[in-house]
**Student:** 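Here it is, the structure, as structure tokens.
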Amino acid sequence: MIIEPKIRGFICLTAHPEGCKQNVLNQIAYVKSKKAIDGAKKVLVIGASTGFGLASRITSAFGSGAATIGVYFEKPPAEGKTASAGWYNTAAFEAQAQEAGLYAKSINGDAFSDEIKQKTIDLIKADLGQVDLIIYSLASPRRTNPKTGVTHNSVIKPIGEVFTNKTVDFHTGVVSEISINPATEEEIANTVAVMGGEDWKFWIDDLKAAGVLADGAITVAYSYIGPEVTERVYSKGTIGKAKKDLENASKQINDSLAAIGGKALISVNKALVTQASSAIPVIPLYISLLYKVMKQEGIHEGCIEQIERLFQERLYTGGEIPTDAEGRVRVDDWEMRDDVQAQVAKLWLEADTESLVELGDLKGYKTDFLNLFGFDVPGVNYQDDVNELVAIPGLV
Ligand code: NAD
Ligand code: NA
């Protein structure tokens with residue numbers, strides 16, 4: 001079939017297998033262009049099909065020659081209906097990995113459930129024995145707690161008072177003012193239940209109890225902080241509470257891993273266009289201004305550049321892992337540079353519908369958004385008939 005983007009708000013209902021494949025090939029080529037990383041050899045990535053998780057899987061496999069197991073929740077294709085992008089990404093990655101002689105298998109299902117955790121443990125036991133790196137990179141709007149059966153929905157809201165600021169509809173370029181009502185206590189608790197650290201703890205507890213964590217294993221979860229302009233809706237809002245909870249979980253997990261000489265870490269990454277971040281109000285305007293400034297400064301990075309740098313220059317240098325005063329690994333250092341933030345803050349005040357065309361990188365935003373679904377990728381012929389029924393080689 002010929003596949004076109006079908007965009008509804010913050011999502012695209014279709015995905016292009018060839019475009020997704022090309023994105024994966026580009027990421028693999030990037031990692032291969034860098035020097036080899038003396039990293040983990042058996043890696044589990046939870047949230048492995050898109051964004052930072054996919055980049056982590058690619059960096060592990062093609063940077064360190066690692067065997068990888070990926071866990072994700074993606075929609076398979078059906079006759080005349082495309083799969084979700086993460087399905088096609090995974091299909092392309094596993095084909096490339098297996099061709100390169102690297103073990104690559106995956107599990108599609110709800111990572112929050114006990115069933116998928118058990119299935120993952122069984123697969124590790126059967127094929128790898130143990131893992132030495134566990135990347136936790138889930139982004140989800142809801143979670144059913146397997147212990148209580150309760151389904152929690154997250155909200156992106158400020159805490160305490162109404163938040164009013166600018167935002168942009170990145171499809172139309174219209175800048176408008178948005179007011180978001182503060183979250184209720186219940187909404188805060190639900191957001192923490194979804195995006196906080198409880199599930200990460202459940203994962204590591206189960207993996208440890210099953211004896212599938214190698215001595216010295218490390219686990220890394222991804223977080224975001226960001227600047228003052230977004231703090232009321234991000235770091236000091238409901239999602240920020242959840243990220244605080246994730247940080248607290250890292251300390252508990254760290255204590256529990258001490259027995260095997262292991263470590264739990266938070267890596268604070270930069271703001272990027274992903275399916276998760278497009279849905280957060282105010283953030284797309286911030287990202288479009290940030291992209292403009294970082295590209296001008298020659299320090300722009302996508303997911304793969306961020307994660308390759310995380311592995312190469314933070315996690316696997318052979319020495320101590322550098323952290324901030326709170327013990328967090330930082331690869332948002334270039335985003336948070338004083339000169340970068342000063343420029344973004346200035347542009348923020350000036351940005352309106354007319355001026356954003358010049359001041360911001362809306363074009364880069366839109367391209368990145370389409371790229372997430374395999375569209376607008378250079379080198380792909382979108383007029384071609386393609387087979388939507390792509391299989392994932394290592395799907396268990
Ligand atoms: P993403 O939406 O690209 O990836 C989410 C992944 O989670 C996908 O692989 C998806 O299949 C998987 N997933 C979601 N629900 C699942 C479920 N129930 N079971 C199994 N898999 C499930 O998101 P991302 O932007 O890469 O975010 C990953 C992490 O990085 C998040 O913790 C996010 O907060 C953090 N982060 C994001 C940014 C950003 O700007 N995008 C910046 C810093 C940190
Ligand atoms: Na991810």
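Order of appearance sets the numbers: ligands from 1, and atoms from 1 within every ligand.
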**Student:** Which atoms from ligand 1 have a heavy atom of Ala48 less than 4.0 Å away?
**Tutor:** 9 (O)
**Student:** Looking only at distance, does Val71 have an N or O less than 3.5 Å from an N or O of ligand 1?
**Tutor:** no
**Student:** Can you name the atoms of ligand 1, numbered from 1 with element, that are less than 4.0 Å from a heavy atom of Ser137?
**Tutor:** 5 (C), 6 (C), 7 (O), 28 (C), 29 (C)
**Student:** Could a heavy atom of Gly109 be found less than 4.0 Å from some atom of ligand 1?
**Tutor:** yes
**Student:** List every atom of ligand 1 that sits less than 4.0 Å from any heavy atom of Leu272, numbering the atoms from 1 in the order shown and giving each element.
**Tutor:** 39 (C), 40 (O), 41 (N)
**Student:** What about the rings of His300 and Tyr291, do their centers lie closer together than 6.0 Å?
**Tutor:** yes
**Student:** Report yes if some N/O of Asn269 lies less than 3.5 Å from some N/O of ligand 1; otherwise report no.
**Tutor:** no
**Student:** Using a 4.5 Å cut-off on heavy atoms from C-beta on, say whether the side chain of Leu13 contacts that of Arg8.
**Tutor:** yes
**Student:** List the steps, then state whether side-chain hydrogen bond (donor to acceptor under 3.5 Å, both in side chains) holds for Ser267 with Asn269.
**Tutor:** CA-CA 6 Å; Ser267 172; Asn269 301 348; 2.8 Å; yes
**Student:** Side chain or backbone, does Phe52 bring an N or O within less than 3.5 Å of an N or O on ligand 1?
**Tutor:** yes
**Student:** Give the atom numbers and elements of ligand 1 that come within less than 4.0 Å of a heavy atom of Gly51.
**Tutor:** 3 (O), 26 (O)
**Student:** Take Glu74 and Ser84 through the test side-chain hydrogen bond (donor to acceptor under 3.5 Å, both in side chains) and record every step on the way to the result.
**Tutor:** CA-CA 6 Å; Glu74 298 294 344; Ser84 52; 2.6 Å; yes
**Student:** Check whether the ring centres of Tyr136 and Tyr222 lie less than 6.0 Å apart, and answer yes or no.
**Tutor:** no
**Student:** Suppose I only count heavy atoms of Asp110 and a 4.0 Å limit; which atoms of ligand 1 are within that range?
**Tutor:** 17 (C), 18 (N), 19 (N)
**Student:** When you look for heavy atoms under 4.0 Å from ligand 1, do you find them on the side chain of Lys270, its backbone, both, or neither?
**Tutor:** backbone
**Student:** May I have all residue pairs that pass side chain to side chain donor-acceptor pair (under 3.5 Å) and include part of residues 28-43, sequence neighbours excluded?
**Tutor:** none
**Student:** Run the numbers for me: atoms of ligand 1, each under 4.0 Å from some heavy atom of Ser49, listed by number.
**Tutor:** 8 (C), 9 (O), 10 (C), 11 (O)
**Student:** Checking Lys21 against Phe93: charged group under 6.0 Å from the ring centre and within 45 degrees of the axis?
**Tutor:** no
**Student:** Closest by any non-hydrogen atom to atom 11 (O) of ligand 1: pick that one out of Met195, Arg57, Glu74.
**Tutor:** Glu74
**Student:** Is there a side-chain hydrogen bond (donor to acceptor under 3.5 Å, both in side chains) between Thr238 and Glu187 once you walk through the steps?
**Tutor:** CA-CA 8 Å; Thr238 51; Glu187 287 175 320; over 6 Å; no
**Student:** Roughly how far, to the nearest 0.5 Å, is CG of Leu102 from CZ of Phe62?
**Tutor:** 5.5 Å
**Student:** Run the side-chain contact (heavy atoms from CB on, under 4.5 Å) test on Gln275 and Phe373 for me, step by step, so that the C-alpha distance in whole Å, both residues' side-chain angles and the decisive distance to 0.1 Å come before the verdict.
**Tutor:** CA-CA 9 Å; Gln275 296 187 45; Phe373 307 95; 3.8 Å; yes
**Student:** Give every residue pair that meets the side chain to side chain donor-acceptor pair (under 3.5 Å) criterion with at least one member in residues 207-221, sequence neighbours excluded.
**Tutor:** Trp200-Thr219
**Student:** Does ligand 1 have any atom that is closer than 4.0 Å to a heavy atom of Arg142?
**Tutor:** no
**Student:** Relative to the heavy atoms of Ala271, which atoms of ligand 1 are at a distance of less than 4.0 Å?
**Tutor:** 40 (O)
**Student:** Using a 4.0 Å cut-off to any heavy atom of Phe112, which atoms of ligand 1 qualify?
**Tutor:** 18 (N)
**Student:** Should Gln275 be counted as touching ligand 1, given the test is an N or O pair under 3.5 Å?
**Tutor:** no
**Student:** Just to be sure I read this right, does ligand 1 sit under 4.0 Å from the backbone of Leu138, its side chain, both, or neither, counting only heavy atoms?
**Tutor:** both
**Student:** Measuring from Leu123:CG to Ile107:CD1, what's the distance to the nearest 0.5 Å?
**Tutor:** 5.0 Å
**Student:** How does Ser223 reach ligand 1, by side chain, by backbone, by both or by neither, if only non-hydrogen atoms under 4.0 Å count?
**Tutor:** backbone
**Student:** Pick, from Lys243, Gln306, Glu335, the option with the minimum heavy-atom distance to atom 34 (O) of ligand 1.
**Tutor:** Lys243
**Student:** Using non-hydrogen atoms of the residue, decide whether Gly86 is closer than 4.0 angstrom to ligand 1.
**Tutor:** no
**Student:** Under 4.0 Å, heavy atoms only, figure out whether ligand 1 is touched by the backbone of Ala221, its side chain, both or neither.
**Tutor:** neither
**Student:** With distance as the sole criterion, is a donor-acceptor pair present between the side chains of Arg57 and Thr68 under 3.5 Å?
**Tutor:** yes
